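First listed ligand is number 1; within each ligand, the first listed atom is number 1. Please read these numbers as outputs of a predicted model, since none were measured by experiment.
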Amino acid sequence: MHQPSPGLPEFNYIRPASYEEASRFLFDHAQEARPFLGGTDTFVRMRDGVWKEKYLLDVKALPGMQDFTFDNHQGLVMGAAVNMNSIIASGEVNTYYPLLVEAARTVASYQLRSRATIVGNICNASPAGDTIGACLLLDGVLNVYGPAGVRQEPLNNFFRGPGETNLKPGDIVTTLQLPNPPQGMVGKYFKLGRNKASDLSIVGVTVAGYPDTDSVSGFRIRLALASVAPVPLEVKEVETLLGSTPITSQLLETAAQTAMDACTPIDDVRASARYRKLMVRNISRKVLDDVWSALQDQA
Ligand SMILES: Cc1cc2nc3c(=O)[nH]c(=O)nc-3n(C[C@H](O)[C@H](O)[C@H](O)COP(=O)(O)OP(=O)(O)OC[C@H]3O[C@@H](n4cnc5c(N)ncnc54)[C@H](O)[C@@H]3O)c2cc1C
């Protein structure tokens, strides 16, 4: 029987004036404080009693949090508090990172995306996070302010388990950096949900590829999966396979099968593990076909 969720518990709202102040506070109150951006994960967890923090630090107003810049050297540098609608509306992001725009559009509704951030999606570390696959395949790197100073966290080694990342008490992500994408990159995200309105994915497949003279096939094609492993999962074997020999329909089928073999889904309210596995194969095949066709069209 569904239990009605209790209301938000009492907590202390803190708006720190500097990264140093925020980091020190989070470090000193490790078990009872957390930072938030849009709050779309944080307040739901607080309301449901899953998180019981005494202090929530609103870090949206810290310097640079709302900025985003693009240039041909650094690529995109996105302040952590930039919301998804701003990303979707940006001409530069549409031009250079259309895959990120496509992924962000699948997150819930316009209303939610006016609060939700890409960095929050990443830090929440849900295996179902819709924008994470795109950020992984775009070689995203987080810039983090922590007790020991500033450091970088490449996303390809950031996720430790459901809700678990390399972030430690006192760490605050300041920006997400996406390097300039390779020439001719084509990407696609397909989200299978129970409905099209506002649901987490049953399976999500992101594929990105581009011409690459260093590989035998002449292309580098990468694939990442959502909702079918404890962490957002890039299936490296797919890249190896599709780089090692000329690409044929049969090879794409084998790559889809490889994706299926690599995932380790669970049964939950959204779908069974068996259904998820089969959908990984079918959707991977479709998305690989789409990306491959687009790469051939531009050749
Ligand atoms: C109705 C509804 C529908 C949703 N649908 C989807 C969906 O379709 N797809 C999807 O992927 N998600 C969905 N979500 C989940 C959520 O909206 C996303 O994960 C969102 O991107 C989180 O961003 P945020 O800024 O709101 O994060 P917040 O709630 O502010 O933070 C999320 C996590 O990141 C941590 N954090 C925040 N800022 C920082 C920082 N600067 N440094 C370090 N850690 C930080 C927080 O402590 C928290 O653990 C949905 C949520 C709701 C309520």
Any N or O of V173 closer than 3.5 Å to N or O of ligand 1: yes
Ion pair D268/R276, N-O distance below 4.0 Å: yes
Taking K188 for the side chain and V287 for the main chain, is one N or O donor matched with an acceptor at less than 3.5 Å? no
Tell me whether K191 reaches ligand 1 (any heavy atom closer than 4.0 angstrom to a ligand atom). yes
Any atoms of ligand 1 less than 4.0 Å from a non-hydrogen atom of V107? List them with their elements. 6 (C), 7 (C), 8 (O), 9 (N)
Taking only heavy atoms of L167 into account, list the atoms of ligand 1 that are under 4.0 Å away from them. 43 (C), 44 (N)
Side chains of N180 and Y96, donor plus acceptor under 3.5 Å: no
Determine whether the side chains of N156 and E234 contain a donor N or O and an acceptor N or O closer than 3.5 Å. no
Heavy-atom pair with the smallest gap, counting every atom of R151 and N166: NH2-O, 3.7 Å
Does a side chain donor of either T174 or N143 reach within less than 3.5 Å of an acceptor in the other side chain? no
Ligand 1 N/O within reach of G38 N/O, cut-off under 3.5 Å: yes
Which atoms of ligand 1 have any heavy atom of M84 under 4.0 Å away? 21 (O)
For A116, the atoms of ligand 1 under 4.0 Å from one of its heavy atoms are 17 (O), 20 (C), 21 (O), 23 (O), 26 (O)
In terms of atom number and element, which parts of ligand 1 are under 4.0 angstrom from non-hydrogen atoms of I172? 41 (N), 42 (N)
Check each heavy atom of V44 against ligand 1 and say whether those closer than 4.0 Å belong to the side chain, the backbone, both or neither. side chain
Side chain or backbone, does D171 bring an N or O within less than 3.5 Å of an N or O on ligand 1? no
Closer than 4.0 Å to some heavy atom of T117 - which atoms of ligand 1 meet that? 20 (C), 21 (O), 23 (O), 24 (P), 25 (O)
Does the R113 side chain pair with the main chain of R105, one donor and one acceptor, at a distance under 3.5 Å? yes
Should you measure from each heavy atom of L200, which atoms of ligand 1 turn up under 4.0 Å away? 6 (C), 7 (C), 9 (N), 10 (C), 12 (N), 13 (C)
Check each heavy atom of T106 against ligand 1 and say whether those closer than 4.0 Å belong to the side chain, the backbone, both or neither. backbone
Would you say I118 has any N or O atom under 3.5 Å from an N or O of ligand 1, going by distance alone? no
Logged contact type for K60 with ligand 1, heavy-atom cut-off 4.0 Å, is neither
What do we get for Y145 next to ligand 1 when only non-hydrogen atoms under 4.0 Å count, side chain, backbone, both or neither? neither
Considering only NZ, NE, NH1 and NH2 on the basic side and carboxylate oxygens on the acidic side, decide whether D28 and R24 come within less than 4.0 Å. no
Side chain, backbone, both or neither: which part of T131 comes within less than 4.0 Å of ligand 1 when only heavy atoms are counted? neither
If you measure from the Lys or Arg side-chain nitrogens to the Asp or Glu carboxylate oxygens, is any gap between D41 and R115 under 4.0 Å? no
Under 3.5 Å, is there a donor-acceptor pair between the side chain of Q66 and the main chain of K60? yes
Atoms in ligand 1 with a heavy atom of F36 nearer than 4.0 Å: 30 (O), 37 (C)
ring-ring contact (aromatic ring centres under 6.0 Å, His included) contacts touching residues 276-299 (sequence neighbours left out): F219-W292
So, regarding D41 and ligand 1 (criterion: nitrogen or oxygen to nitrogen or oxygen, under 3.5 Å), is there a contact or not? yes
Side chains of Y189 and D130: do they bring a donor and an acceptor to under 3.5 Å? yes
Decide whether an N or O pair under 3.5 Å exists between A108 and ligand 1. yes
Presence of salt bridge, R274 and D267, under 4.0 angstrom: no
Winner among A125, C123, P35 once heavy atoms are compared against atom 46 (C) of ligand 1: P35
